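In what follows, chains carry the letters A, B, and so on, assigned in the order in which the sequence lines appear, proteins first and then strands, with residues in each chain numbered from 1. The shown structure was predicted, so the numbers you read here are calculated from the model rather than taken from an experiment.
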There are 2 protein chains.
Amino acid sequence: MTNLVNNVIFSFMRLSTKSRYGVRAVFDISYHGGGDGVQVKDIARRQEISPRYLEQIFQKLRDAGIITSKRGPQGGYSLARKPQNIKVGEIIRVTEGGFDPVFCINPEKSGKHCDRIAECVTRLIWKEAGEKLEDFFDSVTIQDLCDRAERLGVQKEQDRSSMYYI
Amino acid sequence: MTNLVNNVIFSFMRLSTKSRYGVRAVFDISYHGGGDGVQVKDIARRQEISPRYLEQIFQKLRDAGIITSKRGPQGGYSLARKPQNIKVGEIIRVTEGGFDPVFCINPEKSGKHCDRIAECVTRLIWKEAGEKLEDFFDSVTIQDLCDRAERLGVQKEQDRSSMYYI
DNA sequence: GTCTTTCTTGACTAACTTAGTAAATAATGT
DNA sequence: ACATTATTTACTAAGTTAGTCAAGAAAGAC
Ligand code: FES
Ligand code: FES
């Protein structure tokens with residue numbers, strides 16, 4: 001029962017918040033960061049994400065070499081590469097662990113064995129679906145998202161001083 | 001901790017067992033059914049799926065007009081249409097509720113409101129990903145799976161009498 | 001060198017979802 | 001009548017998600 005109305009499933013095959021937040025956060029660093037590090041609290045405020053939770057996501061992205069961090073005053077996070085060289089697919093690979101829709105595709109990676117592989121008629125279908133998804137997400141870069149934001153007229157907030165009168 | 005080794009995520013954006021089992025079960029009805037209804041217990045045995053759980057999945061598929069059912073002795077499930085007219089995408093639409101990777105794509109359907117839609121740079125990316133997935137799954141039919149099974153040499157089990165010596 | 005800012009690490013948890021089980025019932029063929 | 005098979009509804013254990021919380025470490029400002 002809970003929050004579903006009359007047995008209607010919403011949609012699964014869904015992205016976790018880690019991925020959704022992760023992509024938006026990296027975009028935010030790129031869009032609002034003027035060379036300097038961008039701080040968690042500002043990203044969290046602009047993107048409406050819990051700062052504590054965002055920090056967890058950033059650890060993974062930093063370990064994966066997508067962003068870099070700097071501690072202390074005037075510290076924050078920056079992109080590790082130029083936005084046109086960061087693919088959305090990379091971020092999702094980190095936050096979701098990959099694009100396999102089922103574990104059977106990759107028994108070693110998943111750690112689960114499937115003894116139906118030899119006779120399975122669906123395995124390659126799932127595999128191909130995952131590959132299509134991966135290719136698509138790898139075709140979109142952070143720069144693309146920034147371009148889109150400019151077209152949408154999203155205001156940049158580069159200057160720290162602009163925050164005084166909020 | 002649980003069963004993940006050292007923080008390694010397996011892969012999400014994953015299909016639920018309802019979808020995986022559902023597709024395999026419909027394929028099974030098509031492949032092993034010789035005109036007659038195919039019984040849950042046989043499908044469950046061949047596909048190694050819990051019969052009780054399979055019944056739940058079949059209710060949805062029947063309501064969606066993908067399979068038909070008949071009660072009583074010699075009852076069972078049959079395809080509602082020819083296998084070349086049943087798309088894998090149809091089955092997944094029923095079992096997963098659709099292909100939207102995030103709820104923001106379809107606020108009415110999901111019942112959740114998102115107030116960032118106007119300024120959101122990722123929404124259309126997620127939407128396009130879902131559409132690609134949907135198109136792909138709609139391009140595969142149950143007949144395709146049967147053809148694949150024949151190529152793989154999966155043995156048919158059409159005759160009820162062949163089950164005596166199991 | 002102390003203080004403040006900001007990231008870092010790891011433990012913890014409430015709410016929810018998944019992947020089932022179970023039981024009573026209804027229909028149908030023999 | 002009886003056995004077989006699907007139908008419906010209720011229930012549940014285990015796992016996952018989406019966070020919170022607390023203590024600590026690095027770096028700059030003074
Ligand atoms: S390969 Fe594991 S069920 Fe298809
Ligand atoms: S549309 Fe809801 S967060 Fe993008």
Side-chain angles (χ1 to χ4, degrees), chain A residues 1-4 6-22 25 29 36-45 47-63 67-78 95-97 102-103 110-112 160, chain B residues 1-4 6-22 25 29 36-45 47-63 67-78 95-97 102-103 112 160:
Chain A
M1 207 68 71
T2 64
N3 67 346
L4 9 145
N6 258 341
N7 241 357
V8 174
I9 317 171
F10 293 153
S11 117
F12 277 44
M13 197 80 194
R14 65 149 194 269
L15 283 166
S16 67
T17 54
K18 276 196 165 60
S19 299
R20 294 188 283 121
Y21 293 175
I29 294 173
D36 288 353
V38 183
Q39 288 155 22
V40 165
K41 64 162 187 265
D42 291 327
I43 303 171
R45 173 177 46 79
Q47 299 294 327
E48 297 177 278
I49 300 171
S50 148
R52 304 272 202 188
Y53 192 46
L54 201 46
E55 273 165 1
Q56 289 187 8
I57 300 171
F58 278 166
Q59 297 320 309
K60 287 175 189 281
L61 296 176
R62 183 175 51 83
D63 293 348
I67 56 177
T68 57
S69 59
K70 194 176 158 209
R71 291 202 266 204
Q74 272 60 264
Y77 290 95
S78 313
T95 50
E96 301 284 315
V102 306
F103 71 91
S110 68
K112 291 184 187 175
R160 209 166 297 276
Chain B
M1 206 68 69
T2 64
N3 67 347
L4 8 148
N6 256 342
N7 241 358
V8 173
I9 318 172
F10 294 153
S11 115
F12 278 42
M13 196 79 196
R14 66 151 193 271
L15 283 164
S16 67
T17 54
K18 276 196 164 60
S19 299
R20 294 188 284 121
Y21 293 175
I29 294 173
D36 288 353
V38 184
Q39 287 155 23
V40 164
K41 63 162 187 267
D42 291 327
I43 303 171
R45 173 177 46 79
Q47 300 293 327
E48 299 176 276
I49 298 170
S50 148
R52 302 271 202 188
Y53 192 45
L54 201 46
E55 273 165 0
Q56 289 186 10
I57 300 170
F58 279 167
Q59 297 320 309
K60 286 175 190 281
L61 296 175
R62 183 176 52 83
D63 293 348
I67 57 178
T68 58
S69 59
K70 194 176 157 208
R71 291 202 265 205
Q74 274 59 265
Y77 291 94
S78 312
T95 50
E96 301 284 317
V102 305
F103 71 89
K112 291 183 187 174
R160 210 165 296 276

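Minimum interatomic distance between A:I43 and A:L54 (heavy atoms only, all atoms of both residues): CG2-CD2, 3.7 Å. Pairing each heavy atom of B:S78 with each of B:G37, the nearest pair is OG-CA, 3.5 Å. Nearest heavy-atom pair across B:R62 and B:S69 is CD-OG, 3.0 Å. Residues B:S19 and B:T95 share a closest heavy-atom pair of OG-OG1, 2.8 Å.
Summarising the geometry, the separation between CD on B:E96 and C1' on C:dT18 is reported as 11 Å, rounded to the nearest angstrom. The separation between A:Y21 atom OH and D:dG19 atom C1' is 9 Å, rounded to whole Å. Spacing between atom CD of A:Q59 and atom P of C:dC7 amounts to 10 Å, rounded to whole angstrom units. Between the C1' atom of D:dT7 and the CG atom of B:D63 lies a distance of 10 Å, rounded to the nearest Å. Between the CD1 atom of A:I57 and the P atom of C:dC7 there is a distance of 14 Å, rounded to whole Å. For the pair A:K18 NZ and D:dG19 C1', the interatomic distance rounds to 8 Å; values are reported in whole Å. If you measure from atom CD of B:Q39 to atom P of C:dG29, you get 13 Å, rounded to the nearest angstrom. The distance between atom CZ of B:R14 and atom P of D:dT16, rounded to the nearest whole Å, is 7 Å.
If you check every strand for non-hydrogen atoms under 4.0 Å, B:F58 touches nothing. B:R62 comes within contact range of the sugar-phosphate backbone alone, with a heavy-atom separation under 4.0 Å but no base atom that close.
Note on A:S16: every side-chain N or O is 4.0 Å or more away from OP1 and OP2 of D:dT16. The phosphate of D:dT7 (OP1 or OP2) has a side-chain N or O of B:S69 nearer than 4.0 angstrom.
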Once base and sugar-phosphate atoms are separated, protein heavy atoms under 4.0 Å mark nucleotides 20-30 of chain D, 5' to 3', with B, S and - as BBB--BSBS--
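The pair B:R45-B:D42 meets the salt-bridge criterion, with a side-chain N (NZ, NE, NH1 or NH2) lying under 4.0 Å from an Asp/Glu carboxylate O.
For the ring-ring contact (aromatic ring centres under 6.0 Å, His included) test with B:F58, the passing option among B:Y53, B:Y21, B:Y77 is B:Y77; the others fail.
Between A:R20 and B:Y77, it is B:Y77 whose nearest contact on DNA chain D lies nearer the 5' terminus.
In terms of modelled atom types and a separation under 3.5 Å, the side chain of B:E96 and the main chain of B:S16 share a donor-acceptor contact.
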